[in-house]
Amino acid sequence: MNPDAPAGPAKPDRPRTPVSDAEAARAGGDQVLVLSPGVTLTLGPDALLLSGQLATKPDRSCLCIALPGSRGTPSSIPYYNVLWAEITGDRRWLRIDYADQTQPHHVEVRSAKFAIPELPIEQATPGAGDQVASWVEQLLDRAYRGSARCKRAWVLVNPHAGPGGADRIWQDDVRPIFEAARMPLTVVRTSYSGQAVDLARELDIDNYDIAVPCSGDGLPHEVFNGLAKRPDARRALSKIAVCHIPCGSGNAMSCNLYGTHRPSLAALAIVKGVPTPLDLVSVTHGDQRTISFLSQALGLIAEVDLGTENLRWMGATRFTFGFLKLVMQRKTYPCDIAVKVEIDDKEEVKRHYRQRVAQPGREVSKTGEQPQGPADKQSSVSSSAADATDRPDSDDSLGLPPLKYGTVMDKLPEGWELIRHEKLGSFYCGNMAYMAPDANFFSAALANDGFMDLITTDGDISPLKSIGLQLAVESGHFFDSPLVSYRKVSAFRIIPRNQETGYISIDGEAIPFGPIQAEVHQGLGLTLSKRGAFEAPGPLNWDTVTTSERLLA
Ligand SMILES: Nc1ncnc2c1ncn2[C@@H]1O[C@H](COP(=O)(O)OP(=O)(O)OP(=O)(O)O)[C@@H](O)[C@H]1O
C-alpha cells in the first residue's frame, strides 16, 4: 500500500491556479459567489476556487483567513477536503471549515472566513441572503456527494491499542476533524477487554449512524460481534456503519477502506465515507458462533501472529523472528479440510474481480443495488445499503441469518468431502485484501461479492522459497505465485489432526484450538469506504515480477 496516499478521492483533481473575476463570471451563474469587489468564490468541477484580494488577517470588507497557523491563503480547496460551510449567526460572515494537508500523511482543520458586505444586518435583503444560502447549500452538496452529512458517531477509544497513543490520536488528530464536520459525538474510553461487545449489544442504534473504534482491528471485531448478539442483529448490522481509526499495529481495516493507516486521513475518509455493505463470516467453534469481518487463520500465519505475543517487546520484529523460526523448521500443520469452492481457478478469480470492479454496482449484492447514491443529507448512512444483505425477509426484529451449513458440531454437510492435508503450511481465509499496510494477501478480495478468499500453502517448501513468498506479499505478487493456492469459497470446515495445541486466529484474535466451520453472509455488515470498494490495487500482473522474486518462487 502506498502509505503516502494523499487526502482526497481516488483521482483527486486539484486545480491550483486562481481564477480571475472575469473567468469566474464566465464560469457563470449561481456557481460564482462575488462577495465584494476582488473576492470571488467559484464552484469548480472538483474544487472550490478562491480568487481576488485575499487577506490573511481579519478585515471587515473582504477577508479570507485560515485559522489557526495559516500558511497563506489557498487558491483552491478540493471538495473532498471541505468539511463544512455556513453563514454565521450575525449573517456577516461566510465560514468554510476544511481539512488542509499540512504534511504528506496528515491533514488539519482550517477555517476560512469571508465577509459578506452585501448583508449588513440592518440592510439585509431576502434575495441576497438566499443567494449566499443557496450557494452554501450547493457547496455542501458537492462536498458530501454520496455521503451523509453530520453522521452521528459512537466513538470507542482503546487506550491500550497497539503501541499506545490512541487517546492522543483521538484528541489531536481525529476529534477536530469530526467536530468541524459538525458530527454529533458520543465518546467512550474502553476499560476492559470485551467491553465493546457488551456496549454494542446494548447500544441504542437509533441514536447513531456510525461506530468508530480508535484501536487496532480488535475493537471493530468486538463491535461487529456485539451487534451480532442482539435480537435485532440484522437491522443493527445493516444500520450502524462500523468504521476504523488506525491506532493499532496492523490496522488492516483502515488500510482496506481508506487506503491509509494514518489517523487524520482515515478520519477525513470517514467524514466523506460512502456506505458500503460488507460480507461477514460466521465461524462456529465448539458451541460458539463468532462473527469475523477480516480473516480466519490456522497454521504458519496464525502461529507467527499469536505465537509471538510473548515477544511484543520486540515490536514488529517479532513477526520476522517468528516467521524465520517456523520456516527453518519447515513446520507443517496436518488437517482435514472440506471446502465449498465457488471459483477454483486463478484466471477465473481475476476475471471475477475485474468484472466486479468494472461494474461496482454488481459488487454490492445479489440485488444489484449500489450504495453510492446520494445519501440523505442529515440522516442515517445506511438507506440503500440495508437492502444489500442476503436476509431472506425484511423482518427488522430478526437476529443473525440462520447457518446454511449448520455448525462444526453437526454432520458434514451433504456434498462436502474432507480432504487430508498432511503438509499444510498455512490455511488463511480473508475478507479484505490488506492484512497490514504492506501485506496485500488477498488481492482479489471484494467487499461484498458473497465469497471468502482462501489461500493455502504447503509447509514443507524450502526456507528460501518461503522467504520468497513473504517478499511476494510485500510486492503484491503473492496471488500469482505458483506456490499459492487461491480460491473463492463460501464455506469451509477445518479439523486439525495430530496437534494437541496450536493457534487459530479470527480477525487476529485467538480462539480455542480445535475444529472450526465457517460460512459467509453476503453484505450482512455495513461500513464506510472511500469509493464503495476496497482501496487495494487488485491482483497484479505476474509479468511485472522482478527476477529475484521469480528465482525465489
Ligand atoms: N482498556 C482496555 N484494557 C485492556 N484491554 C482492552 C481495553 N480496551 C480494549 N481492550 C482489548 O484489547 C484488544 C486489542 O484491541 P485492539 O485491536 O484495539 O489493539 P491491538 O490488539 O493492540 O492492535 P494490534 O493487534 O493491531 O496491535 C481487544 O480484544 C480489546 O478487547
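Every number for a ligand or one of its atoms is a count from 1 in the order of the listing. Quick caveat, the model's predicted, so the values are computed rather than measured.
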J.: Measure from the side-chain N and O atoms of Arg234 to the backbone N and O of Gly399, and report whether any donor-acceptor pair falls under 3.5 Å.
T.: yes
J.: Check side-chain hydrogen bond (donor to acceptor under 3.5 Å, both in side chains) between Ser264 and all other residues, then give those that pass, not counting sequence neighbours.
T.: His106
J.: Show every ring-ring contact (aromatic ring centres under 6.0 Å, His included) that has at least one partner inside residues 445-472, sequence neighbours left out.
T.: His352-Phe451
J.: Aromatic ring centroids of Phe442 and Tyr428 under 6.0 Å?
T.: yes
J.: Is there a side-chain contact (heavy atoms from CB on, under 4.5 Å) between Asp173 and Arg262 once you walk through the steps?
T.: CA-CA 9 Å; Asp173 296 350; Arg262 310 293 180 169; over 6 Å; no
J.: Just to be sure I understand the cut-off, which residues have at least one non-hydrogen atom under 4.0 angstrom from an atom of ligand 1?
T.: Asn158, His160, Ala161, Gly162, Thr190, Ser191, Tyr192, Ser193, Gly194, Ser215, Gly216, Asp217, Gly218, Leu219, Glu222, Gly248, Ser249, Gly250, Arg312, Glu509
J.: Give every donor-acceptor pair under 3.5 Å between a side-chain atom in residues 487-495 and any protein atom, sequence neighbours left out.
T.:
{"from": "Lys488", "atom 1": "NZ", "to": "Ala444", "atom 2": "O", "distance (Å)": "2.7"}
{"from": "Lys488", "atom 1": "NZ", "to": "Asp449", "atom 2": "OD2", "distance (Å)": "3.0"}
{"from": "Lys488", "atom 1": "NZ", "to": "Asp453", "atom 2": "OD1", "distance (Å)": "2.9"}
{"from": "Lys488", "atom 1": "NZ", "to": "Asp453", "atom 2": "OD2", "distance (Å)": "3.3"}
{"from": "Ser490", "atom 1": "OG", "to": "Glu342", "atom 2": "OE2", "distance (Å)": "2.6"}
{"from": "Arg493", "atom 1": "NE", "to": "Gln517", "atom 2": "OE1", "distance (Å)": "2.6"}
{"from": "Arg493", "atom 1": "NH1", "to": "Asp410", "atom 2": "O", "distance (Å)": "3.2"}
{"from": "Arg493", "atom 1": "NH2", "to": "Thr407", "atom 2": "O", "distance (Å)": "3.2"}
{"from": "Arg493", "atom 1": "NH2", "to": "Asp410", "atom 2": "O", "distance (Å)": "2.9"}
{"from": "Arg493", "atom 1": "NH2", "to": "Gln517", "atom 2": "OE1", "distance (Å)": "2.7"}

